[in-house]
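First the structure, in the form of structure tokens, and then the observations on it.
All values below were derived from every heavy atom in this structure, side-chain atoms included, with hydrogens, water molecules and symmetry-related copies excluded.
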Amino acid sequence: MTSEQREFLPDSIRTNGATNNPWWANAVVYQIYPRSFQDTNGDGIGDLRGIISRLDYLADLGVDVLWLSPVYKSPQDDNGYDISDYQDIDPMFGTLYDMDDLIDAVHERGMRIIIDLVVNHTSDEHSWFEASRRGTAPYADWYWWRPAKEGHTPGVPGSEPNNWGSDFGGSAWEYSPERNEYYLHSFSEKQPDLNWENPAVRQAVYDMMNWWLDRGIDGFRMDVITLISKPIGVDGELPDGVPGEDGYANAQIVMADGPRLDEFLKEMRQEVFAGREGFLTVGEAPGITPDRNRAITDPSNHELDMLFLFHHVEFDARGSKWNPLPLDIVPLKRIMASEQEAVKDSGWASLFFNNHDQPRVVSRWGDTTTEQLHSLSAKALALVLHMHRGTPYIYQGEELGMTNAGFTALDQYRDIESLDLYRLRVLAMKLSTHDQMLEALGRRSRDNARTPMQWDSTIYAGFTDEDATTAPWLPVNSNKEDINALDELRDPNSVLAFYKDLIHLRHINPVISAGSWTLLDGDDKRVYAFVRSLEGFDLSDTTELSHVVVVANLTGRTAFIPPQTAAALGLDPIAFPVESGMSIDEENLLISNYPKGQTISALFTGKLAPWEAFAYQL
């Protein structure tokens, strides 16, 4: 879809507190994980030419922005989130010239492109770190170096400067004999954290960002950007945190939203984006509360356009994500409501259930036991998300209803987090048995999101040529014959067709992109419902709405329409079934995952079928 096919909001409608509405107020973003999207040279790894070959599919889907996970030069310890050169492309993906062609091809189709910005840390093979490890000026303090704990022998376990733990397990400190000090790494030991307290570090980052913007990209998704300001003590010390079951403090909790975060983000805005137009900035924000999201995304504060919050994808576990719990929609609704309420007057929300770090939502919260329930639950979850106020993000394959990988053996996994934590929890600390951890990986490993894109039903799902001598880097999901783009493009009732309708609704209806959001029946255990309203808008154009009620039964059992929801729909919950004289207009049913006639019947009877979801105009 080109920008000419999308309605732009009049300035009279305020969205995120800005006088002039930003272009992304009714946009939809599509995330591409390049190594799993499309392989064109038969090496089993996706590439930039592969993305170019699939742009017409994405334009037809209707998305406005493409977000690329990292394609920079990298040792690939963490699949490219360990960058060794910010201004070059890793050969596995192509060249800078391929990147230039991709940027041009995206713009030719009326879309924009943003790239991952990973500047909390680099690779330990980056020239900056190599010089810093040698103590070479001016790079000596570009990273976080600390001596061993006082009275301890450097390099011996227990001598680390504090008790911070890496997100991938074990200590967040790695000893370097070359420097006889420890360096901080929030993630892998091959991902040392940059020292943002050093102005030279910040300037180098800003110069690199400007280089990419001048090259034609339209903005950045900023990886764990809320960790860049560390909590430094009075004497320059990094204080201990509260240890968890593995004996280490969660470094993300300790570091998140540090004392200089706002200062750094404001400086970045000035140094990189001042005088530019048409860009988008979105930050991955571990540890950020809804209220802090409002402050950071308030346009008057000149920081970021939006953030990814994580409370709504972290609540369904006990202690850690490796102890998952079944979906309880009551806390999910409360968390989503708190995020919506915080930005009702200023600021903005990012809307997502899936990304490269999350399991597939239809496997996590939906029902994949039958083909019908899979389709219905994928559509219901999509409708709930896309009808919230904010900018929706679609992760590749989500629009097809792609599921978790279904791996049954440890050797099928590739993700560093999964393998490192298996070694820690099962082999080293005996916190889980082999079977328990394998079950947890099957439900929560990041590899669930990273299996190759399912384009068709051939042996490699169209990700790479079926005659290729090299298999894909990660096994293809075995359900490719049932879930693939080729078949869904031909099916008007597919999950893909439903996503197209959702995207189109956001593009043409200001109430969906800009209207207020009000939760209904927050304590109901089966039905997720809310109202979107846009008061005082000129409704002379019948394609523009004033009120939309969104209703979804997020269970596999019949559910009654609860009282507040019934009232919002103009129905009397006491009088079900509704008398024949009651006005229920099929034309007002904007979208439903069941045939329209059945949903109209549900409105008369007050009973929602399993996974039934719809949006109704008042």
Side-chain angles (χ1 to χ4, degrees), residues 1-8 23-34 36-40 46-69 101-114 218 280 351-352 354-355 360 362 375 378-379 381-383 385-387 391-402 452-458 461-464 480 482-509 512-513 543 590-593 615:
M1 171 171 286
T2 66
S3 56
E4 285 73 27
Q5 293 172 287
R6 183 166 64 88
E7 294 292 330
F8 286 87
W23 62 267
W24 38 258
N26 61 346
V28 178
V29 183
Y30 187 95
Q31 182 188 358
I32 293 174
Y33 197 69
S36 297
F37 194 63
Q38 181 67 66
D39 172 26
T40 59
D47 45 56
L48 294 176
R49 287 289 160 191
I51 298 172
I52 293 172
S53 74
R54 296 294 187 177
L55 289 180
D56 287 339
Y57 166 86
L58 297 170
D60 179 66
L61 178 60
V63 296
D64 306 281
V65 185
L66 306 184
W67 152 28
L68 265 61
S69 287
D101 288 346
L102 174 60
I103 292 169
D104 289 343
V106 168
H107 290 162
E108 287 169 3
R109 289 164 175 79
M111 298 183 291
R112 290 177 167 89
I113 182 169
I114 65 174
D218 301 295
L280 170 63
L351 309 174
F352 76 97
N354 290 276
N355 64 30
R360 295 286 184 176
V362 70
S375 177
K379 292 174 182 178
L381 290 164
L383 185 138
L385 183 74
H386 281 247
M387 288 294 159
T391 297
Y393 287 73
I394 299 170
Y395 177 71
Q396 66 181 45
E398 179 183 348
E399 77 280 10
L400 306 177
M402 280 182 62
M453 180 72 172
Q454 292 166 215
W455 295 107
D456 59 38
S457 61
T458 57
F463 164 71
T464 195
K480 61 186 182 302
D482 301 314
I483 303 171
N484 65 76
L486 183 62
D487 288 346
E488 294 197 31
L489 283 166
R490 300 166 175 165
D491 181 2
N493 296 313
S494 67
V495 176
L496 177 61
F498 192 81
Y499 267 83
K500 289 184 180 182
D501 290 342
L502 281 174
I503 294 167
H504 181 66
L505 274 175
R506 178 167 291 270
H507 285 164
I508 66 170
N509 293 307
I512 295 170
S513 53
T543 65
L590 301 177
I591 188 170
S592 174
N593 64 346

Worksheet item: At what distance, to the nearest 0.5 angstrom, does CG of Asp101 lie from CD1 of Ile51?
Response: 12.5 Å
Practice prompt. Might you point out which heavy atoms bring Ala378 and Gly401 nearest each other, and give the distance in Å?
Written response: CB-CA, 4.4 Å
Worksheet item: Any side-chain heavy atom of Asn484 sitting closer than 4.5 Å to one from Thr458?
Response: no
Worksheet item: Can you find a heavy atom in the side chain of Leu496 that is under 4.5 Å from one in the side chain of Tyr57?
Response: yes
Worksheet item: Measuring from Arg360:CZ to Ile483:CD1, what's the distance to the nearest 0.5 Å?
Response: 9.5 Å
Discussion item. Would the distance check show the side chain of Asp47 and the main-chain N or O of Thr40 forming a donor-acceptor pair, the cut-off being under 3.5 Å?
Written reply: yes
Item to complete: Starting at CD1 of Ile32, measure out to CH2 of Trp67 and round the result to the nearest 0.5 Å.
Response: 11.0 Å
Fill in: Any donor-acceptor N/O pair, Gln38 side chain to Phe463 backbone, under 3.5 Å
yes
Practice prompt. For the pair Trp455 (side chain) and Phe37 (backbone), establish whether a donor and an acceptor sit closer than 3.5 Å, ignoring hydrogens and angles.
Written response: yes
Item to complete: May I ask you to decide if Asp491's main-chain N or O and Ser494's side chain share a donor-acceptor pair within less than 3.5 Å?
Response: yes
Discussion item. I need the minimum non-hydrogen distance between Pro34 and Ser69, along with the two atoms involved.
Written reply: CG-O, 3.5 Å
Worksheet entry | Backbone N/O of Leu502 and side chain of Arg506: donor-acceptor pair under 3.5 Å | no
Fill in: Spatial distance of atom CG (Asp104) from atom CD1 (Ile113) [nearest 0.5 Å]
10.0 Å
Item to complete: Give the C-alpha distance, both sets of side-chain angles, the deciding distance and a yes or no for side chain to side chain contact (heavy atoms under 4.5 Å, CB included) between Ile114 and Val65.
Response: CA-CA 7 Å; Ile114 65 174; Val65 185; 4.1 Å; yes
Practice prompt. Could you walk me through whether Leu489 and Asp60 pass side chain to side chain contact (heavy atoms under 4.5 Å, CB included), step by step?
Written response: CA-CA 10 Å; Leu489 283 166; Asp60 179 66; 4.3 Å; yes
Practice prompt. Going by the side chain to side chain contact (heavy atoms under 4.5 Å, CB included) test, name the single residue among Val106, Val29, Asp64 that passes it with Met111.
Written response: Val106
Worksheet item: Is any side-chain heavy atom of Ser457 less than 4.5 Å from a side-chain heavy atom of Leu486?
Response: no
Item to complete: Indicate the atoms forming the closest heavy-atom contact of Pro492 with Ala497, along with that distance.
Response: O-CB, 3.4 Å
Discussion item. Minimum heavy-atom separation for Ala25 and Ser513, please, with both atom names.
Written reply: O-CB, 3.5 Å
Worksheet, complete the sentence: Here the gap from Leu48 atom CG to Leu102 atom CG, rounded to the nearest 0.5 Å, amounts to 6.0 Å
Practice prompt. With the side chain counted from C-beta on, respond yes when Leu58 and Leu66 share a heavy-atom pair under 4.5 Å apart, and no when they do not.
Written response: yes
Item to complete: Find out whether the Lys NZ or Arg CZ of Arg112 is both under 6.0 angstrom from the six-membered ring centre of Trp24 and within 45° of the ring's axis.
Response: no
Worksheet entry | Any side-chain heavy-atom pair of Gln31 and Asn354 under 4.5 Å | no
Discussion item. Distance check, rounded to the nearest 0.5 Å: Asn493 atom CG versus Phe498 atom CZ?
Written reply: 11.0 Å
Worksheet entry | Validation row: Leu400, Val495 side chains within 4.5 angstrom (heavy atoms) | no
Practice prompt. Keeping the roles fixed (side chain from Glu398, backbone from Gln396), state whether a donor-acceptor pair exists under 3.5 Å.
Written response: no
Practice prompt. Please assess Tyr499 against Val63 for the test side chain to side chain contact (heavy atoms under 4.5 Å, CB included), listing each intermediate value before the final yes or no.
Written response: CA-CA 10 Å; Tyr499 267 83; Val63 296; over 6 Å; no
Discussion item. Using side-chain heavy atoms (C-beta onward) and a distance below 4.5 Å, is Tyr33 in contact with Met453?
Written reply: no
Worksheet item: Where is the tightest heavy-atom contact between Lys480 and Gln454, given as atom of each residue plus distance?
Response: CA-NE2, 3.5 Å
Worksheet item: Side chains of His386 and Ile512: closer than 4.5 Å at any heavy-atom pair?
Response: no
